[in-house]
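Below, read A as the first sequence line, B as the second, and so on, with proteins coming before strands; counting in each chain starts at 1. The figures here come from the full heavy-atom set of this structure, side chains too, leaving out hydrogens, waters and symmetry mates. Just so we're clear, the structure is a prediction, and the values are computed from it rather than from any experiment.
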Number of protein chains: 2
Amino acid sequence: MEEIKKNLQELYGQHPRVYVAVDCVIFGYMDGELKLLLYPRSFEPAKGNWSLLGGFVQENESADQAAARILKRTTGLDQIYMEQVAAFSEPNRETTARVISIAYYALIRLDKHDEEIVSQYGADWFPLEKRPDLIFDHNEIVEKALAKLQQKAGYQLVGPELLPEIFTLTQLRRLYEAIFQRTLDPGNFRKKVLSLDLLTRLNKKDSTESKKGAFYYRYNNQEAREKEIGRIIKI
Amino acid sequence: MEEIKKNLQELYGQHPRVYVAVDCVIFGYMDGELKLLLYPRSFEPAKGNWSLLGGFVQENESADQAAARILKRTTGLDQIYMEQVAAFSEPNRETTARVISIAYYALIRLDKHDEEIVSQYGADWFPLEKRPDLIFDHNEIVEKALAKLQQKAGYQLVGPELLPEIFTLTQLRRLYEAIFQRTLDPGNFRKKVLSLDLLTRLNKKDSTESKKGAFYYRYNNQEAREKEIGRIIKI
DNA sequence: TCAAAAGTGTTGCTATTACACCCATGG
DNA sequence: CCATGGGTGTAATAGCAACACTTTTGA
């Protein structure tokens with residue numbers, strides 16, 4: 001046994017060991033726009049430049065856990081929807097040390113998140129399309145994350161992750177328009193979504209966005225939130 | 001500058017450094033079945049057990065490059081279609097050391113690959129559905145890789161990567177049936193594929209699979225191989 | 001001659017699109 | 001009273017699924 005262990009050390013030992021980071025593309029939705037939460041990098045190199053929220057994977061955690069931990073620390077939020085985007089591993093993607101990054105995207109409800117914690121790190125929300133240039137390969141990571149989000153949104157309603165508990169169909173449509181960066185026919189969108197049978201209409205109207213007022217809806221139940229649907233929009 | 005560098009070392013230094021491996025799910029197609037190329041692991045732990053083709057990422061290469069290098073060394077093949085599946089990072093996914101794996105899937109043309117090199121490593125092809133149990137989390141990796149392949153095949157014709165240069169529509173359909181693990185209507189499949197306008201019919205028939213003989217087809221051009229198409233089959 | 005695969009045609013159905021059009025109401 | 005978004009209806013179309021039917025030829 002001891003001998004085996006020694007051989008192992010020898011075998012593994014020949015290979016480099018590298019830092020493994022996670023970087024989170026944090027999406028939020030407000031004022032009809034898809035937003036991105038960006039942080040000023042807190043240490044060199046590129047200190048002060050805008051970057052994704054990141055951190056290093058520790059000994060006893062998976063990358064998923066690391067991403068959740070960092071998100072919790074930095075936004076105060078738990079139980080966030082997250083999905084892995086990809087690993088980024090160009091040898092010189094960071095300028096000083098070899099760091100491989102496992103990228104995630106997260107969907108945040110802006111009505112729930114803790115602004116104080118966020119602002120304490122100097123973070124800020126930027127409209128996806130008017131975001132500043134990011135460090136290293138973070139622009140590329142954002143592009144890939146958006147593609148993943150679009151794919152998910154095409155097969156599942158992403159309302160609950162990004163909107164308040166109750167919402168109008170117009171709000172949901174505008175969210176989809178923001179995600180897919182194109183307009184959708186209001187009537188057709190409404191019919192398609194309602195035909196899925198995932199939403200319940202409430203006896204309550206939102207009157208802030210139109211004179212007539214629009215009914216609020218909410219998800220039937222948890223299963224409804226995860227149901228696979230046919231494509232909502234054609235790509 | 002020196003000082004900055006020192007701080008860096010301190011900052012990065014607190015964090016663990018881990019081995020980063022790549023694992024390749026190698027798909028091939030033969031006799032109407034989707035196959036998987038598996039290797040007997042060459043070192044402890046779990047030496048001798050079936051596993052995916054893997055190796056460690058070296059100092060000056062990206063994970064993509066590492067995967068291509070390992071594939072070349074082990075199958076003799078260059079210019080293989082590969083796509084990243086995901087990073088696997090559970091702390092105890094390997095029993096002895098902390099190793100994060102970036103998984104890829106590769107599509108191999110079995111008519112082209114070098115059997116000698118493959119067999120020299122003791123590797124063998126297994127039907128996807130009758131594969132042996134694999135080490136660590138490799139079973140999970142295979143599942144995810146298949147899901148990715150299915151997704152790609154739904155939006156692009158994967159003929160050229162897995163079939164010989166020329167092929168019949170029946171061969172292509174059987175490939176799709178193997179990938180999606182269900183039967184497809186021959187007439188409808190033919191019409192759908194031909195309507196894409198990606199294939200050219202040759203004045204040559206394959207007579208090995210039917211009495212009547214079936215025309216060979218090939219791709220119009222390189223662009224045709226990459227064209228995004230509507231879903232070939234409904235899922 | 002006939003089984004079996006190659007290939008074509010037809011039909012019904014469903015989803016999608018592009019609209020027209022009515023409703024309700026705050027300013 | 002009218003502009004604006006909310007909400008419903010409809011007609012044209014495209015795509016899909018199911019399946020009938022015809023062609024070819026080696027065993």
Which of the following nucleotides, [options], is nearest to the side chain of [X]?
| X | options | value |
| --- | --- | --- |
| B/K211 | C/dA6, D/dA27, C/dC23 | D/dA27 |
| A/N188 | C/dT17, C/dA6, D/dA17 | C/dT17 |
| B/K191 | D/dA17, C/dT10, C/dA6 | C/dT10 |
| A/A214 | D/dA17, C/dA18, D/dG6 | D/dG6 |

**Asked** Which part of the nucleic acid does B/T168 contact within heavy-atom distance under 4.0 Å: base, sugar-phosphate only, or nothing?
**Response**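 Touches nothing.
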**Plane angle bin for A/F136 and A/H138 - parallel if under 30°, tilted between 30 and 60°, otherwise perpendicular** =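 Perpendicular: the ring planes of A/H138 and A/F136 meet at over 60°.
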**Ring geometry between B/Y176 and B/F189 (parallel below 30°, tilted from 30 to 60°, perpendicular above 60°)** = tilted
For the pair made of [atom1] in [X] and [atom2] in [N], what is the distance, rounded to whole Å?
| X | N | atom1 | atom2 | result |
| --- | --- | --- | --- | --- |
| A/L196 | C/dA15 | CG | C1' | 12 Å |
| B/E209 | C/dG7 | CD | P | 11 Å |
| A/L184 | D/dG6 | CG | P | 14 Å |
| A/R174 | D/dT4 | CZ | C1' | 11 Å |
| A/R182 | C/dA18 | CZ | C1' | 13 Å |
| B/K205 | D/dG26 | NZ | P | 10 Å |
| A/K192 | C/dT14 | NZ | P | 14 Å |
| B/D206 | C/dA5 | CG | C1' | 11 Å |

**Item:** Side-chain donor/acceptor contact of A/K212 with base of C/dA24 under 3.5 Å
**Value:**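 No such pair is found, so the answer is no.
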**Complete:** Rounding to 0.5 Å, atoms OH (B/Y29) and CG (B/L172) come to a distance of 9.0 Å
**Item:** DNA chain D: 5'-proximal contact among A/G213 and A/D185 (nearest heavy atom)
**Value:**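 Residue closer to the 5' terminus by nearest nucleotide: A/G213.
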**Message:** One pair to check against side chain to side chain donor-acceptor pair (under 3.5 Å): A/D23 and A/S101. What are the steps and the verdict?
**Reply:** CA-CA 6 Å; A/D23 284 304; A/S101 168; 2.7 Å; yes
**Message:** Check this for me: does any side-chain nitrogen of one of B/K152 and B/E83 sit under 4.0 Å from a carboxylate oxygen of the other?
**Reply:** no
**Asked** Taking OP1 and OP2 of D/dG6, is either one under 4.0 Å from a side-chain nitrogen or oxygen of A/T170?
**Response** yes
**Prompt:** Is any side-chain nitrogen or oxygen of A/R190 closer than 4.0 Å to OP1 or OP2 of D/dT8?
**Reply:** yes
